[in-house]
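Working notes, structure below.
Order of listing sets the numbers, starting from 1, for every ligand and every atom in it. Positions are given from 1, in the same order as the sequence printed here.
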Amino acid sequence: MASAVSEGLLSRPKWLPSWLFYDAAGSQLFNQITELPEYYLTRSERAIFAERSEEIIALAANGDALRIVELGAGSADKTRLLLSAAVDRQDTVVYEPVDVSASALEEAQERIEREIPGVIVAPRVEDYCQGLELDPPAPGERRLVLYIGSSIGNFEPEEAHRLLCNVRAALAPGDALLLGVDLAKDEATLLAAYDDAAGVTADFNMNLLARLNRELGADFDLSSFTHRAVWNAAHSRIEMHLVSCKRQRVKISALDMAIDFVIGETIHTENSYKYRPGQAEEFLASAGFIRGATWTDEKKRFAVCLAKAGTRKGKRIGERVNK
Ligand code: AVJ
């Protein structure tokens with residue numbers, strides 16, 4: 001954390017990595033975001049699962065039993081629709097949620113085992129960006145990896161490609177990946193989703209500075225920064241920034257650093273890439289996956305793609321993909 005923060009704040013323009021959002025307070029704010037009227041992503045993806053879970057699970061299983069792995073599982077809320085569909089087809093389902101947050105995984109395990117009998121939860125506290133190792137499938141078993149919720153949207157296109165290659169390298173031919181991506185759409189809808197009327201996304205962004213104050217002894221004055229969301233059409237991404245309202249100096253005692261801001265200077269805190277139709281399928285194909293099927297919600301805001309591991313392996317790259 002210390003090295004990422006000092007690298008980002010010493011750069012011009014200044015930036016901070018978006019994984020820093022998710023401390024306990026930030027994870028809670030993110031859960032609130034998913035319930036906002038403007039944040040259509042979670043609702044759109046959940047609507048797809050509500051309608052298509054059976055079909056998705058049947059296509060992935062292809063007559064065998066499934067073992068389900070979820071990358072960046074968090075609270076695993078929408079996943080329950082897929083898990084229920086899987087236990088309808090087989091008596092028990094092993095579900096391995098992978099996340100860096102042990103507390104989120106504990107809560108998810110407790111809730112899923114209570115609410116969906118037949119699911120055996122085997123949580124893994126791991127950073128999947130460092131590469132991925134999976135247990136080999138038992139005879140008559142296939143793996144389904146879930147990477148849903150537009151989590152891939154935080155990665156630069158080259159990083160996203162590398163991550164998909166790493167997933168492919170961990171799979172055997174016939175295993176499957178279910179990928180959820182947000183689709184490019186009109187600017188007003190996108191901006192509202194990342195700058196909601198209740199100000200929850202602003203709090204989520206500002207929590208980053210509060211976190212640096214708490215954990216690195218920084219003295220950011222939260223009232224002299226504001227939240228800004230921008231649609232970058234050239235790169236097809238929403239950007240989040242923190243804007244300094246005045247000329248100021250901030251000290252970060254744990255890093256023994258002082259950082260100067262001019263008025264209006266920004267810290268770039270997140271990119272959230274929005275895919276055009278067909279783009280996720282192209283990414284998957286170039287990482288060694290075979291096209292399966294794509295589902296979208298009624299308003300075509302969000303897409304879920306099922307892809308099968310082909311015989312050509314993706315190139316495994318152990319290097320961390322989100323700096
Ligand atoms: C968790 C990366 C999917 O990009 O929409 C929500 C994070 N940032 N509001 C997204 C987020 C601002 C979210 N992802």
Hey, is Phe30 one of the residues with a heavy atom under 4.0 angstrom from ligand 1? yes
In the hydrophobic cluster built from side-chain contacts under 4.5 Å, what are the other members alongside Leu105? Val125
Below 4.5 Å, heavy atoms only, C-beta onward: do Leu212 and Val250 meet side chain to side chain? no
Of all protein heavy atoms, the one nearest atom 11 (C) of ligand 1 is Glu270 OE1, 3.7 Å
Residue pairs passing the side chain to side chain donor-acceptor pair (under 3.5 Å) test with at least one member in residues 171-183, sequence neighbours excluded, are Tyr40-Asp182, Arg143-Asp175, Asp182-Lys185, Asp182-Lys274
Decide yes or no for Asn232 and Asn271: does some side-chain heavy atom of the first lie under 4.5 Å from some side-chain heavy atom of the second? no
Using distance alone, decide if ligand 1 has a nitrogen or oxygen within less than 3.5 Å of any nitrogen or oxygen in Ser151. no
Nearest protein heavy-atom contact for atom 13 (C) of ligand 1: which residue, which atom, what distance? Tyr39 OH, 3.3 Å
Have a look at Leu41, Leu36, Asn154 and point out the one with the heavy atom closest to atom 2 (C) of ligand 1. Asn154
Out of curiosity, does Ile238 fall in the hydrophobic cluster containing Leu36 (side-chain heavy atoms, cut-off under 4.5 Å, transitive links)? yes
Where on Tyr194 is there a heavy atom closer than 4.0 Å to ligand 1, on the side chain, on the backbone, on both, or on neither? side chain
Let's go through Asn205 and Phe225 carefully: what are the C-alpha distance in whole Å and the side-chain angles of both, what is the deciding distance for side chain to side chain contact (heavy atoms under 4.5 Å, CB included) to 0.1 Å, and is it a yes or a no? CA-CA 10 Å; Asn205 201 5; Phe225 286 87; over 6 Å; no
Quick one: look up the protein heavy atom nearest atom 1 (C) of ligand 1 and list residue, atom name and how far away it is. Tyr22 OH, 3.5 Å
of all protein heavy atoms, closest to atom 3 (C) of ligand 1 is Gly149 O, 3.1 Å
Which ligand 1 atoms does Phe204 reach within 4.0 Å, using its non-hydrogen atoms? 8 (N), 12 (C)
Among protein heavy atoms, which lies nearest atom 4 (O) of ligand 1, and at what distance? Ser272 OG, 2.7 Å
May I ask you to check whether Phe21 and Phe30 place their ring centres under 6.0 Å from each other? no
